[in-house]
Participant: 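Could you have a look at this structure, given as structure tokens, before my questions?
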Amino acid sequence: MTENNELLKNLDKLHTTELGVMRIKRNLSLDTDDVAEWCKFKINSGNAVITRNGKNWYVNVDGCIITVNAYSYTIITAHKEKR
């Protein structure tokens with residue numbers, strides 16, 4: 001559980017690239033211009049399940065999975081959970 005707090009403690013460092021914004025908006029069909037803020041909100045929600053595997057954090061929340069680099073806090077991608 002303390003590992004999960006590491007991502008939550010560093011939410012202010014969360015960011016993404018221009019390509020990341022386009023990829024996340026396409027994958028999740030988002031209609032927002034501030035994808036990083038949208039992801040921060042989702043990651044900080046009470047029902048988010050945060051796990052770390054190697055160099056990435058995986059946040060499973062509301063039917064989607066957000067992938068964040070554990071060292072740079074870059075949001076790499078997000079996609080809908082496969083059922």
Participant: Is any side-chain heavy atom of Ile66 less than 4.5 Å from a side-chain heavy atom of Tyr58?
Facilitator: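 Contact flag for Ile66/Tyr58 side chains = no.
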Participant: Hey, are the side chains of Ile43 and Leu8 touching, using non-hydrogen atoms and a 4.5 Å cut-off?
Facilitator: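 They are in side-chain contact.
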Participant: Atom OG1 in Thr77, atom CD1 in Ile24: separation rounded to 0.5 Å?
Facilitator: 6.0 Å
Participant: Would you call Thr17 and Val21 a side-chain contact if the rule is heavy atoms closer than 4.5 Å?
Facilitator: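 Result no, sub-4.5 Å side-chain heavy-atom pair not found.
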Participant: Would you say Val59 and Lys42 make side-chain contact, with heavy atoms under 4.5 Å?
Facilitator: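 When only atoms from C-beta onward are counted, Lys42 and Val59 do not touch, as no gap falls below 4.5 Å.
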Participant: Report the distance from atom CG of Leu7 to atom NZ of Lys40, rounding to the nearest 0.5 Å.
Facilitator: 11.5 Å
Participant: Between the side chains of Asp33 and Lys25, is the shortest nitrogen-to-carboxylate-oxygen separation below 4.0 Å, so that they form an ion pair?
Facilitator: yes
Participant: Are Asn47 and Ser45 close enough that a side-chain donor and a side-chain acceptor fall under 3.5 Å?
Facilitator: yes
Participant: Counting C-beta onward and ignoring hydrogens, is there a side-chain heavy-atom pair between Val68 and Asn56 closer than 4.5 Å?
Facilitator: no
Participant: Should the heavy atoms of other residues, nucleotides or ligands under 6.0 Å from CD of Glu18 be counted, would the total exceed 12?
Facilitator: no
Participant: To the nearest 0.5 Å, tell me how far Lys13 NZ sits from Tyr71 OH.
Facilitator: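 Rounded to the nearest 0.5 Å, the NZ-OH separation comes to 14.0 Å.
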Participant: Applying salt bridge (Lys or Arg N to Asp or Glu O under 4.0 Å), can you list everything that pairs with Asp12, at least two apart in sequence or on another chain?
Facilitator: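 Salt bridge (Lys or Arg N to Asp or Glu O under 4.0 Å) check on Asp12 returns nothing, list empty.
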Participant: Report yes if the side chains of Trp57 and Thr67 come closer than 4.5 Å at any heavy-atom pair, otherwise no.
Facilitator: no
